[in-house]
Each structure stands twice: as structure tokens, then as C-alpha cells.
Amino acid sequence: MSSTPERLDRFMARANAAYYAARDPFADFTTAPEISQGFGEVLGGWAAMVWHGMGAPAKVSLAELGPGRGTLMADALRAAAALPPFRAALSVHLVEASPRLRDIQRARLPHATWHDSAATLPDGPLIVVANEFLDALPIRQFVRRGAGWTERFVADGAFVEQPASDPTRTAAEGEVVEMNEAALAVVAALAARPRTAALFIDYGPAENAPGDSLQALRGGAPADPLADPGGADLTAHVDFAALAAAAHAAGAAAYGPVPQGVFLARLGLHARIGRLARGADATTARRLMQGLHRLTDPHAMGRLFKVLAVCDSALPPPPGFDDA
Ligand code: SAH
């Protein structure tokens with residue numbers, strides 16, 4: 001019996017909702033905050049500098065989209081504790097779809113407020129961080145066929161193509177182009193807010209290019225993305241150029257994308273890890289230096305991962321994006 005074809009974004013949304021609700025994603029992949037405490041700590045410092053640039057408002061919301069185990073935010077808050085006026089001004093907001101991950105986050109961040117989407121984040125000054133969030137949102141894929149296009153649907157664990165309207169992109173015969181409407185909508189909505197600065201860290205090329213980037217990871221190894229919906233983590237490359245264009249169209253300023261390694265170096269990650277390592281035993285010091293290398297080395301995560309900031313254009317440029 002064959003099933004009704006399901007559009008790829010709907011398949012991916014359903015698969016990831018099941019995956020994040022039922023499984024421990026960190027059994028299948030690891031992320032920057034899980035690799036080094038320095039990652040969340042320097043992002044906490046970044047948020048404090050952005051808050052200064054906003055004129056140090058008495059109240060500011062610090063939000064994270066897709067906080068996973070809550071590690072990034074816990075590390076950011078520890079760093080913020082060294083800056084008491086910032087710590088006193090901030091309230092923590094977490095946008096998380098998975099009830100299972102919310103429970104894990106609640107154990108570490110008992111004073112946070114949870115949201116189903118970024119749409120309910122409070123009005124007023126807002127600083128947002130999102131690490132490996134946009135890559136988990138559902139994509140559509142279009143295939144260039146002759147003078148026109150088809151769109152990919154999923155049926156019985158395989159792609160089927162149906163006629164589609166023109167996604168207004170260029171590609172050669174048979175090439176795939178991707179569109180992440182959910183990511184564009186999140187970025188556009190934050191870009192339209194006053195007194196808002198958002199930082200997106202994810203993986204993908206700086207310039208958009210055709211190509212099928214849908215991938216599944218299970219137990220740290222690549223898997224068939226269509227075979228077992230909910231059994232593996234599905235992600236796709238983030239199209240930073242399209243997100244920056246969406247931010248501009250909504251009236252905001254966009255900065256970057258800057259390679260993660262460059263961004264973290266500008267925020268002083270090397271010095272911070274060096275200080276931690278000097279005060280640590282040899283095993284811990286080695287682990288700290290390995291983490292630093294993994295996050296910043298161009299052959300590890302330092303180049304493939306990139307950082308994009310989207311800010312109210314009335315705010316000063318955020319730290320980490322100068323070309324010096
Ligand atoms: N930022 C974390 C986790 C990355 S995994 C880290 O760096 O370790 C992706 C996260 O996004 C998970 O917390 C997942 O539950 C959440 N997520 C995925 N899709 C979502 C959606 N549509 N709405 C809210 N959260 C979502």
C-alpha cells in the first residue's frame with residue numbers, strides 16, 4: 001500500500017517533533033555548548049555588551065531559541081553574574097518545543113519562562129541567541145526540471161516530485177534548491193522588533209548555492225533522512241544570505257555571517273580558556289584546550305559554523321562583527 005505524498009517540510013517538521021519529544025538528541029550529536037563551557041560564557045559577555053549598547057535598560061529579556069540541555073544559557077548566566085547590573089536587569093526566556101527537553105532545561109534554569117514560539121517573547125529590549133536552532137526547522141526542496149520546477153514530497157521513504165511554481169532561484173537541470181520558510185519567518189519577526197538584537201549560530205555556506213543539504217544523524221553517524229521519521233535528527237544547511245536579506249527587508253541591520261572561529265576569537269575565547277586551563281588540573285586543562293580547538297579550528301567547527309547577527313538598525317553594531 002502506498003501512502004499519500006507529504007511535502008518535505010511537513011515530513012521534516014513531523015519527524016523532528018517526534019525525534020525531540022522522544023529521544024535524547026545528544027546521544028546522536030554534540031553541539032558547541034556541550035563541547036566547551038567557554039562558548040556560553042563568551043555569549044553571555046556578548047549579550048552584556050549588547051545590553052550596554054542599548055543604553056543599559058533597567059529590564060531586558062535574554063532569550064534562547066532551541067536551548068537543548070540549557071547548557072549555553074547556564075554558562076551565559078554564570079558569566080553575566082560577574083556583571084551585576086546586567087544580571088539584575090535580565091529575565092530568561094526559552095523557546096522550546098520539546099516537553100522532554102523543557103524538563104531538562106527546568107532543572108538547570110528554574111527561573112526561566114518557556115515559550116512555544118518566539119512570537120510570545122515579551123515586548124521591550126530583547127537579546128536572542130540561537131545555536132543550531134534554524135538548521136532543525138523544516139525545509140522545502142525544489143528541483144530544476146527543464147523549463148520549470150518540481151517540489152519534493154516524501155512517500156514510502158522515498159522522494160517523489162510534483163509540479164511546483166518557480167522558487168525564483170537559479171539552478172541547472174536536476175539541481176536542488178532549498179527554502180527554509182520557518183527560519184525566514186523567525187528572523188523576519190525578530191528583525192521587525194525595536195530594541196532587539198539576535199545572534200544565530202549555525203552551519204552552512206556564506207553564499208547560497210544549489211544542493212541537497214538535508215541530513216540525518218543517528219548515534220553520531222549519517223543515516224537515511226527519509227527511512228525512519230522520528231528516529232534520527234534531521235537538519236539542513238542554513239542559508240545565511242537569505243536570512244540576512246529577510247532581516248534587511250524587515251528594516252533591521254544584519255552583520256556577518258562571520259566564521260564561528262573568528263567570532264569566538266574576537267570575543268576573547270582563547271584568553272578565557274587559557275585562564276581556566278591555568279587554574280585546572282592537567283586532564284581538565286587538556287580537555288579545555290581540545291574544546292577550544294574543536295570550536296575554533298577551521299578544519300573542525302571554526303569555518304563551517306557561522307554567526308549572523310540581526311539587530312534593530314538604531315543600535316550600535318554588536319561586538320564580534322568588525323572587520324579588524
Ligand atoms: N541549542 C542547543 C540545542 C540544539 S538542538 C545546543 O546548542 O546544544 C535543537 C533545539 O531546538 C532543541 O532544543 C529542539 O528541541 C529545539 N527545536 C527544534 N525545533 C523547534 C521548534 N520548531 N520550536 C522550538 N524549538 C525547537
Side-chain angles (χ1 to χ4, degrees), residues 8-44 46-47 62-77 92-109 112-121 128-140 180-187 189-190 198-204 214-218 220 229-230 232-238 260 263-264 291 294-295 301 304-308:
L8 176 60
D9 57 333
R10 297 184 186 128
F11 172 87
M12 185 172 172
R14 187 169 62 80
N16 269 351
Y19 174 77
Y20 283 106
R23 299 174 74 104
D24 175 8
F26 299 93
D28 291 312
F29 60 89
T30 191
T31 57
E34 304 299 328
I35 290 169
S36 176
Q37 68 180 78
F39 186 78
E41 289 174 356
V42 296
L43 294 186
W46 182 88
L62 178 62
E64 185 176 356
L65 313 182
R69 283 179 171 157
T71 306
L72 189 168
M73 184 60 82
D75 292 339
L77 293 179
V92 175
H93 296 267
L94 304 175
V95 175
E96 175 57 66
S98 158
R100 208 177 151 278
L101 287 174
R102 280 190 186 198
D103 286 343
I104 295 171
Q105 293 155 16
R106 197 171 289 112
R108 300 189 72 177
L109 302 160
T113 304
W114 279 264
H115 300 260
D116 292 330
S117 86
T120 57
L121 291 172
V128 178
V129 296
N131 184 60
E132 292 209 55
F133 171 70
L134 299 176
D135 69 350
L137 299 182
I139 60 159
R140 297 172 68 178
N180 190 332
E181 291 171 327
L184 292 167
V186 168
V187 168
L190 291 172
L199 192 71
F200 297 96
I201 305 156
D202 233 304
Y203 68 103
L214 182 67
Q215 68 166 34
L217 275 185
R218 183 208 294 265
D233 173 58
L234 299 185
T235 59
H237 283 182
V238 167
Q260 172 174 290
F263 181 77
L264 294 175
R294 218 169 141 191
L295 294 186
M301 295 168 76
L304 181 58
F305 280 76
K306 294 180 182 69
V307 188
L308 176 77

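The figures that follow rest on heavy atoms only: side chains count, while hydrogens, waters and symmetry mates do not. By convention here, the first residue in the shown sequence is residue 1. Just so you know, ligand 1 is whichever comes first in the structure, and atom 1 is the first atom listed for that ligand.
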Please list, chain by chain and in numerical order, all residues satisfying salt bridge (charged side-chain N to carboxylate O under 4.0 Å, His left out) with Arg294, sequence neighbours excluded.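 None.
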Residues Asp75, Arg108: salt bridge by 4.0 Å N-O rule: no
Which residues pass the ring-ring contact (aromatic ring centres under 6.0 Å, His included) test with Tyr20, not counting sequence neighbours? none
Only counting residues at least two apart or in another chain, list the ones meeting ring-ring contact (aromatic ring centres under 6.0 Å, His included) with Phe305.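 Listed in chain order: Tyr203.
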Non-hydrogen atoms of Asn16 and Leu234 that approach each other most closely: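 Answer, listing the atom of Asn16 first, then Leu234: ND2-O, 2.8 Å.
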To check you understand the geometry: which heavy-atom pair defines the closest contact between Ala118 and Leu65, and what is its length?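 The answer is CB-CD2, 4.2 Å.
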Would you tabulate the polar-atom pairs, meaning N/O of ligand 1 against N/O of the protein, with distances under 3.5 Å, reported to 0.1 Å?
{"unit_1": "ligand 1", "atom_1": "1 (N)", "unit_2": "Gly66", "atom_2": "O", "d": "2.7"}
{"unit_1": "ligand 1", "atom_1": "1 (N)", "unit_2": "Asn131", "atom_2": "O", "d": "2.7"}
{"unit_1": "ligand 1", "atom_1": "7 (O)", "unit_2": "Thr31", "atom_2": "OG1", "d": "3.4"}
{"unit_1": "ligand 1", "atom_1": "7 (O)", "unit_2": "Asn131", "atom_2": "ND2", "d": "2.8"}
{"unit_1": "ligand 1", "atom_1": "8 (O)", "unit_2": "Thr31", "atom_2": "OG1", "d": "2.5"}
{"unit_1": "ligand 1", "atom_1": "13 (O)", "unit_2": "Gly68", "atom_2": "N", "d": "3.0"}
{"unit_1": "ligand 1", "atom_1": "13 (O)", "unit_2": "Glu96", "atom_2": "OE1", "d": "2.6"}
{"unit_1": "ligand 1", "atom_1": "15 (O)", "unit_2": "Glu96", "atom_2": "OE1", "d": "3.4"}
{"unit_1": "ligand 1", "atom_1": "15 (O)", "unit_2": "Glu96", "atom_2": "OE2", "d": "2.5"}
{"unit_1": "ligand 1", "atom_1": "25 (N)", "unit_2": "Ala97", "atom_2": "N", "d": "3.3"}

